[in-house]
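In this text, all values refer to a predicted model and were calculated from it rather than measured experimentally. By convention in this document, chain letters (A, B, ...) are assigned in the order of the sequence lines, proteins followed by strands, and residues within each chain are numbered from 1.
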Protein chains: 2
Amino acid sequence: MLKTKLEEFKEKIKSSGLKITPQRVAVYKEIAQSSDHPCAEELYERLKDKIEGISLTTVYRTLASLEKAGLVKRVPTLKDKIRYDAKVEPHSHFVCVNCGKIVDLDYVPPTPEEVKELGDSLTCTLMCYGICKECQVDE
Amino acid sequence: MLKTKLEEFKEKIKSSGLKITPQRVAVYKEIAQSSDHPCAEELYERLKDKIEGISLTTVYRTLASLEKAGLVKRVPTLKDKIRYDAKVEPHSHFVCVNCGKIVDLDYVPPTPEEVKELGDSLTCTLMCYGICKECQVDE
DNA sequence: CCTTAATATGAAAATAAATTGCAACTTATA
DNA sequence: TATAAGTTGCAATTTATTTTCATATTAAGG
């Protein structure tokens with residue numbers, strides 16, 4: 001039987017000893033539908049008009065909870081805001097060094113096993129830095 | 001004729017239209033000798049007793065200048081502080097998701113040419129996340 | 001070597017992101 | 001449905017980084 005993404009979400013939340021709240025569901029749904037690696041503030045902006053009971057603080061705390069539950073992952077950035085990704089499978093990222101935009105790449109980086117000699121690694125990501133199309137036009 | 005790293009540094013600084021100051025020399029020497037990807041504050045802590053005229057503000061500004069000159073590179077992090085690396089050649093990083101430590105890896109990631117279809121990329125880094133030896137002991 | 005214009009500096013204040021304390025409120029198990 | 005554990009929003013706080021501004025330093029030309 002095929003589980004929906006939301007059912008899987010609820011299961012993982014529960015098995016992490018967390019409770020299912022409207023705020024957590026909303027944050028997870030929003031991030032799972034996004035492909036632009038939003039940060040806490042962006043998620044809050046997108047949700048505050050749709051969801052009655054939501055605050056920026058809660059978005060921050062929700063992301064921390066989801067991260068612990070393995071439902072979202074931080075994406076390392078060059079700028080200062082922490083960005084999140086609901087795609088937790090191995091993949092790569094293209095980062096615009098001008099605007100900070102992070103785009104998913106299909107390139108599958110070496111597996112932890114392949115990079116074993118380095119230590120006990122959990123995940124590997126190939127980060128590519130460059131100037132995205134839009135930023136090239138601006139100059 | 002083989003240039004020393006410091007001579008090369010001075011040349012690059014000058015060709016970037018920047019001036020050679022004791023503070024810049026000190027920051028660059030310190031970061032070039034480090035292998036632990038220090039952040040601005042760590043560099044300041046290491047220098048403040050050795051160099052008379054140095055402030056945290058200047059370290060921040062110096063890193064920005066050196067980055068522009070191509071003498072140092074930011075390393076993307078999962079935590080919030082910006083870390084720097086004086087090793088600007090392509091290489092990879094192992095990141096401890098517990099303590100945030102970033103260790104250089106010899107693994108050479110795909111070149112920009114090999115990842116060309118993704119856009120105009122400048123550099124590629126393979127980021128491996130895991131738990132470093134020291135943090136494993138602690139648990 | 002002295003002048004000077006451009007640039008760099010330090011201290012303090014300002015910003016911005018993320019976190020925390022606390023009292024009130026939900027959730028989910030008994 | 002009671003209730004204990006966990007969650008929430010608000011406001012205040014912390015932490016990293018940047019900016020402002022007055023003073024000082026650098027390097028190129030005379």
side-chain contact (heavy atoms from CB on, under 4.5 Å) partners of [X], counting only residues at least two apart:
| X | value |
| --- | --- |
| B/E45 | B/K48 |
| B/S16 | B/L18, B/A69 |
| A/K14 | A/I20 |

At under 4.0 Å, does any side-chain N or O of A/Y60 touch on OP1 or OP2 of C/dT19?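 Answer no for this pair, as no side-chain N or O of A/Y60 is under 4.0 Å from OP1 or OP2.
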Pairwise distance SG(B/C39) to CD1(B/I31) - rounded to 0.5 angstrom: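 Between atom SG of B/C39 and atom CD1 of B/I31 there are 10.0 Å.
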By nearest atom, which of the nucleotides D/dT8, D/dA16, C/dT9 is closest to the B/R61 side chain?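 So the side chain of B/R61 is nearest to C/dT9.
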If you only use heavy atoms from C-beta on, which nucleotide in C/dA11, D/dT8, D/dT7 is closest to the side chain of B/T57? C/dA11
Using a 4.0 Å heavy-atom cut-off across all strands, classify B/I82 as base, sugar-phosphate, or nothing.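 Sugar-phosphate only.
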Have a look at A/R24 and say if it touches a base, only the backbone sugar-phosphate, or nothing, with a 4.0 Å heavy-atom cut-off.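 Since only primed, P, OP1 and OP2 atoms lie under 4.0 Å of A/R24, the category is sugar-phosphate.
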Could you note down all residue pairs passing ring pair (Phe, Tyr, Trp, His ring centres under 6.0 Å) where residues 25-77 of chain A supplies at least one of them, sequence neighbours left out?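 For residues 25-77 of chain A, and leaving out neighbouring residues, the ring pair (Phe, Tyr, Trp, His ring centres under 6.0 Å) pairs sorted by first residue read A/F9-A/Y28, A/H37-A/H93.
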Any chance NZ of A/K10 has more than 12 other-residue heavy atoms, nucleotides or ligands included, within less than 6.0 Å? no
Taking for each residue the nucleotide of DNA chain C bearing the nearest heavy atom, is the 5' side occupied by B/G17 or by B/S55? B/G17
For nucleotides 24-30 of chain C, tabulate all protein N/O to nucleotide N/O atom pairs closer than 3.5 Å, reporting atom names and distance.
residue, atom, partner, partner atom, Å
C/dT27, O2, A/K19, NZ, 3.0
C/dA28, OP1, A/I20, N, 3.1

With a 4.0 Å heavy-atom cut-off, tell me which residues in residues 26-40 of chain A come close to DNA chain D, sorted by residue number. none
